[in-house]
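Data first, discussion second: the structure below is written as structure tokens.
Note that this is a predicted model, so its numbers are computed, not measured.
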Amino acid sequence: MNIISNTTVLSNFAVIGQLDLLRQLYGTIYISTEVYEEIQAGLDEGYQFYGEAACLAIAQHRGWTLLTDDWLARREAERLRIRKSGSIGCLVLAIERGLCTLEQANSWLTEMIRHNYRSPIADLTPLLKYS
């Protein structure tokens, strides 16, 4: 499965020092030129990251899954019938694949929230198949 990400998910995993977890989950993660430029501009301005339309277009055209936490981008992905996931979905998948424990993933989620991620939940337990 090919994955393209906008900056929101990348930012959340970068802020907790877990970009490698995304690599372990998906292998190669693609980003658009626009996202790359936004990341570079954000880094130049002192931000951890900050990005969407190009990712939506690429995901739709290539049949890829889009990683985004941006509400409007997620809504548009639904409208376009693009598969999507976000930071929470990545954390749940990491637990299910045995890459981390529920406790570790919940602690990462707490850290993301502490760094301004607007999560709809604070505990991943209800999302797990075995919960």
Q: For Cys90 and Leu67, run side chain to side chain contact (heavy atoms under 4.5 Å, CB included): C-alpha distance rounded to whole Å, both residues' side-chain angles, the deciding distance at 0.1 Å, then the answer.
A: CA-CA 9 Å; Cys90 293; Leu67 295 181; 3.9 Å; yes
Q) Who are the salt bridge (charged side-chain N to carboxylate O under 4.0 Å, His left out) partners of Arg62, not counting sequence neighbours? A)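 Residues passing salt bridge (charged side-chain N to carboxylate O under 4.0 Å, His left out) with Arg62: none at all.
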Q) Side-chain heavy atoms under 4.5 angstrom apart, residues restricted to Ile, Leu, Val, Met, Phe, Trp, Tyr: same cluster for Ile58 and Leu22? A)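 Shared cluster, no.
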Q.
Using side chain to side chain contact (heavy atoms under 4.5 Å, CB included), reason through Glu76 and Leu72 one step at a time and then give a plain yes or no.
A. CA-CA 6 Å; Glu76 185 66 6; Leu72 291 174; over 6 Å; no
Q: Kindly state each residue pair satisfying ring pair (Phe, Tyr, Trp, His ring centres under 6.0 Å) with at least one member in residues 70-122, sequence neighbours excluded.
A: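 Found none.
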Q) Which residue pairs pass the ring pair (Phe, Tyr, Trp, His ring centres under 6.0 Å) test with at least one member in residues 10-39, sequence neighbours excluded? A)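 Every ring pair (Phe, Tyr, Trp, His ring centres under 6.0 Å) pair that includes a residue of residues 10-39, provided the two are not neighbours, is Tyr30-Trp64.
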Output the distance between atom [atom1] ([X]) and atom [atom2] ([Y]), rounded to the nearest 0.5 Å.
X      : Y     : atom1 : atom2 : value
Glu34  : Cys55 : CD    : SG    : 8.0 Å
Gln104 : Leu91 : CD    : CG    : 10.0 Å
Ser85  : Leu66 : OG    : CG    : 9.5 Å

Please tell me if the side chains of [X] and [Y] come closer than 4.5 Å, counting only heavy atoms from C-beta onward.
X      : Y      : value
Ile4   : Ile29  : no
Val15  : Glu111 : no
Asp123 : Leu109 : no
Asn6   : Leu56  : no
Leu93  : Glu96  : yes
Leu102 : Thr125 : yes

Q) Strictly by modelled atom types, are Thr68 and Asp70 linked by a side-chain donor-acceptor pair under 3.5 Å? A)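 Absent: no donor and acceptor within the cut-off.
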Q) Is the backbone of Val35 close enough, under 3.5 Å, to the side chain of Ser32 for a donor and an acceptor to pair up by distance? A)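 Here the side-chain-to-backbone pair exists.
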Q: Would you confirm whether Arg97, through its side chain, and Leu25, through its main-chain N or O, come within 3.5 Å as a donor-acceptor pair?
A: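 Yes, Arg97 side chain to Leu25 backbone: donor-acceptor pair under 3.5 Å.
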Q: Begin with the C-alpha distance, continue with both residues' side-chain angles, and end with the deciding distance and a verdict on side chain to side chain contact (heavy atoms under 4.5 Å, CB included) for Leu124 and Leu127.
A: CA-CA 6 Å; Leu124 300 167; Leu127 302 178; 4.3 Å; yes
Please give me the minimum heavy-atom distance between [X] and [Y], naming the atom from each residue.
X      : Y      : value
Gly86  : Asp69  : CA-OD1, 3.3 Å
Asn106 : Ala122 : OD1-O, 4.1 Å
Ser5   : Ile31  : O-CG2, 3.6 Å
Gly63  : Arg83  : O-NH2, 2.8 Å

(Q) Using the rule given for side chain to side chain contact (heavy atoms under 4.5 Å, CB included), can you reason through Ser87 versus Met112, listing the C-alpha separation, both sets of side-chain angles and the distance that settles it, and then say yes or no? (A) CA-CA 9 Å; Ser87 295; Met112 288 177 187; 4.1 Å; yes
